[in-house]
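Down below is the structure, laid out as structure tokens.
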Amino acid sequence: MKNTMQSPEHGSSESPLTLTSLTEALRDQEDRLLPCVHCGFCLPACPTYVRLGDENDSPRGRLHLMKAVVEGRMSPKSKAFQTHIDRCLGCRACEPVCPSGVEYGLLLESAREVASKAGGMSFLSRALMGIMARQPWTNWFMGWARIFRWTRLPKLIARIIPKLQVLHPFRFGLAMLAATSETHLKSFTPKSSKNEKEKNDIIQVQPKGRVALLEGCVQSGLFSRVNRATERLLQVNGYEVVTVTEQGCCGALHAHGGATDSARKLAIANLKAFDSDHFDYIATNSAGCGLALKEYGHLLEHDSKHSKTAYAFSGKVRDISELLTMSNGPKVGGSIPMKVTYDAACHLCHGQGLLTEPKDLLKAIPNLEIIDLPGEEECCGGAGIYGITHGDLGVSIGEDKVNAIKNTGVDLVATANPGCIMQIGAGLILAGSTITAQHPIELLDESYRRAGYYAE
Ligand code: SF4
Ligand code: SF4
């Protein structure tokens with residue numbers, strides 16, 4: 001492994017005042033930087049370090065760069081800071097293995113904010129964040145994406161485009177869109193729950209709680225079937241589900257991409273829309289969105305007007321797998337004789353500490369054969385739009401995941417994040433595989449259909 005740790009360099013072209021404003025966010029986080037004892041336990045867990053062997057592309061190296069910026073020894077505009085902070089997947093695999101409890105994910109968001117203010121942002125990131133920040137624009141964008149997907153052209157074109165580096169973003173983007181509709185399960189829309197009366201009796205006699213579901217931008221735009229399945233599963237398992245119409249983007253893409261001000265605005269809008277006093281839980285079925293909601297308290301910790309509400313809101317956020325595995329676990333469904341494997345989305349297993357819960361949902365399905373996936377906790381290379389923007393590293397990480405999945409011999413890989421479904425699904429499509437990437441919720445929902453919980 002080469003160690004090419006770069007020497008901190010002074011930002012001589014900037015005034016101390018500019019540097020102060022740019023590094024303010026990071027300096028704010030200095031307490032979170034200090035606990036690092038440079039032990040290096042995090043290095044083997046880091047997908048970018050494992051592949052590149054460069055200390056600057058390790059968690060410890062990136063912390064070193066952040067510290068250099070905080071202490072004014074390095075310009076946030078420097079190539080080293082910009083490159084290595086950008087290359088981080090934000091997968092948080094470095095957090096659970098750190099004996100000092102360094103809060104790397106929160107530090108990364110501050111570092112990204114500093115880096116993007118100093119060096120700018122790619123056109124693609126800026127465009128996507130702009131669209132996601134405005135609900136009418138998101139609806140318009142997703143509407144056209146659905147029409148294009150319906151033509152089945154994305155899959156066809158993605159498979160015939162030559163495998164050239166320059167065409168990678170276009171080719172992979174099309175495959176990602178195609179992956180959102182790939183399924184091995186029957187498509188169905190129940191008229192109502194067959195057990196409607198029984199369901200209402202459960203809620204009235206022994207309600208488990210009143211739940212509001214975060215619809216999410218990508219989930220509602222391209223995976224509305226997963227949202228509807230989530231609602232059905234919650235109801236069958238005794239929860240009351242309430243629709244919150246004014247909700248918007250959770251801001252995860254913005255927070256992870258360095259647009260923290262936009263992320264805060266979106267968070268405040270959701271605090272108002274949800275008014276969490278009215279709910280026992282706020283449910284999510286997207287690992288990235290769920291983590292963002294659970295971190296609203298941190299995001300708004302210096303906002304005296306919203307901080308308390310944000311922490312209360314975050315305290316009520318639960319992934320769907322947490323809600324369904326509470327108490328006695330989910331109701332057992334009908335048989336699905338199929339081979340599946342489970343890939344742990346980073347922001348669920350590393351970010352939220354949920355590894356067994358999603359698998360327990362799959363275990364509630366009779367005759368479903370669950371094959372272990374080697375490296376199930378390693379990032380798939382999705383990380384927002386990393387698979388598109390980092391054609392080299394994103395592809396290499398993604399190919400390792402796709403090969404591991406293919407080697408299991410399954411029909412379907414279950415993963416609980418839309419970005420991972422799109423990244424893995426795109427890789428499978430481009431590899432000519434028939435394996436589909438789908439949400440575990442879809443499998444349990446199909447199992448309940450087979451058990452007769454829904455009237456079709
Ligand atoms: S494991 Fe934690 S303490 Fe050790 S080098 Fe990595 S971040 Fe620092
Ligand atoms: S978040 Fe992931 S890619 Fe980034 S430093 Fe940590 S382990 Fe490495």
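We count residues from 1, following the sequence as given. Every number for a ligand or one of its atoms is a count from 1 in the order of the listing.
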In terms of residue, atom name and distance, what is the protein heavy atom nearest to [atom]?
atom                    : value
atom 2 (Fe) of ligand 1 : Cys98 SG, 2.3 Å
atom 3 (S) of ligand 1  : Val37 N, 3.3 Å
atom 6 (Fe) of ligand 2 : Cys94 SG, 2.4 Å
atom 4 (Fe) of ligand 1 : Cys39 SG, 2.3 Å

Side-chain H-bond candidate by donor/acceptor type, [X] with [Y], under 3.5 Å:
X      : Y      : result
Thr48  : Arg62  : yes
Asp319 : Gln352 : no
Glu399 : Asn403 : no
Thr230 : Asn285 : yes

N/O/S atom of Cys42 inside 2.8 Å of atom 6 (Fe) of ligand 1, strictly under:
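Under 2.8 Å: Cys42 contacts atom 6 (Fe) of ligand 1 through an N, O or S atom.
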Residue pair Lys363 / Asp360, side-chain heavy-atom distance below 4.5 Å:
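The answer is yes; the side chains approach within 4.5 Å.
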Enumerated ligand 2 atoms positioned under 4.0 Å from heavy atoms of [X]:
X     : answer
Cys46 : 3 (S), 5 (S), 7 (S), 8 (Fe)
Arg62 : 3 (S), 4 (Fe), 5 (S), 8 (Fe)
Arg92 : 1 (S), 2 (Fe)
Gly90 : 1 (S), 4 (Fe)
Leu89 : 3 (S), 4 (Fe)

Show the atoms of ligand 1 that are less than 4.0 angstrom away from any heavy atom in His38.
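Within the 4.0 Å cut-off of His38, ligand 1 contributes 5 (S), 8 (Fe).
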Could you tell me which atoms of ligand 1, counted from 1 in the order shown, lie closer than 4.0 angstrom to a heavy atom of Pro99?
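So the atoms of ligand 1 that pass are 1 (S).
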What part of Leu63, side chain, backbone, both or neither, has a heavy atom within less than 4.0 angstrom of ligand 1?
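The answer is the side chain.
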Residue part near ligand 1, for Cys36, under 4.0 Å between non-hydrogen atoms
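Looking at Cys36 and ligand 1, atoms from backbone and side chain both fall under 4.0 Å.
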Find the distance between CZ (Phe172) and CE (Met422) and round it off to the nearest 0.5 Å.
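If I round to the nearest 0.5 Å, the distance is 9.5 Å.
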Atom pair CD (Glu295) and OG (Ser314), whose distance is rounded to the nearest 0.5 Å
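Rounded to the nearest 0.5 Å, the CD-OG separation comes out at 8.0 Å.
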Shortest non-hydrogen contact between Leu428 and Lys406, atoms and distance
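Smallest heavy-atom distance, with atoms named: CD2-CG, 4.3 Å.
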Taking non-hydrogen atoms only, is Tyr49 closer than 4.0 angstrom to ligand 2 via side chain, backbone, both or neither?
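It is neither part, as no heavy atom is under 4.0 Å.
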Before you tell me yes or no, could you show the steps for Tyr104 and Arg92 under side chain to side chain contact (heavy atoms under 4.5 Å, CB included), namely the whole-Å CA-CA distance, both residues' side-chain angles and the distance that decides it to 0.1 Å?
CA-CA 7 Å; Tyr104 181 86; Arg92 301 198 177 193; 5.6 Å; no
Evaluate side chain to side chain donor-acceptor pair (under 3.5 Å) for Thr183 paired with Gln438, printing each intermediate quantity in order.
CA-CA 7 Å; Thr183 178; Gln438 299 190 235; 3.0 Å; yes
Going by heavy atoms, is Gly101 under 4.0 Å from ligand 1?
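Contact absent.
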Does some non-hydrogen atom of Gly40 fall short of 4.0 Å from ligand 1?
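Distance cut 4.0 Å: Gly40 passes for ligand 1.
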CZ (Phe148) with more than 12 external heavy atoms under 6.0 Å:
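Yes, CZ of Phe148 has more than 12 neighbouring heavy atoms, counting only those of other groups under 6.0 Å.
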When you measure from atom 2 (Fe) of ligand 2 to the N, O or S atoms of Cys91, does any of those distances fall below 2.8 Å?
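Under 2.8 Å: Cys91 contacts atom 2 (Fe) of ligand 2 through an N, O or S atom.
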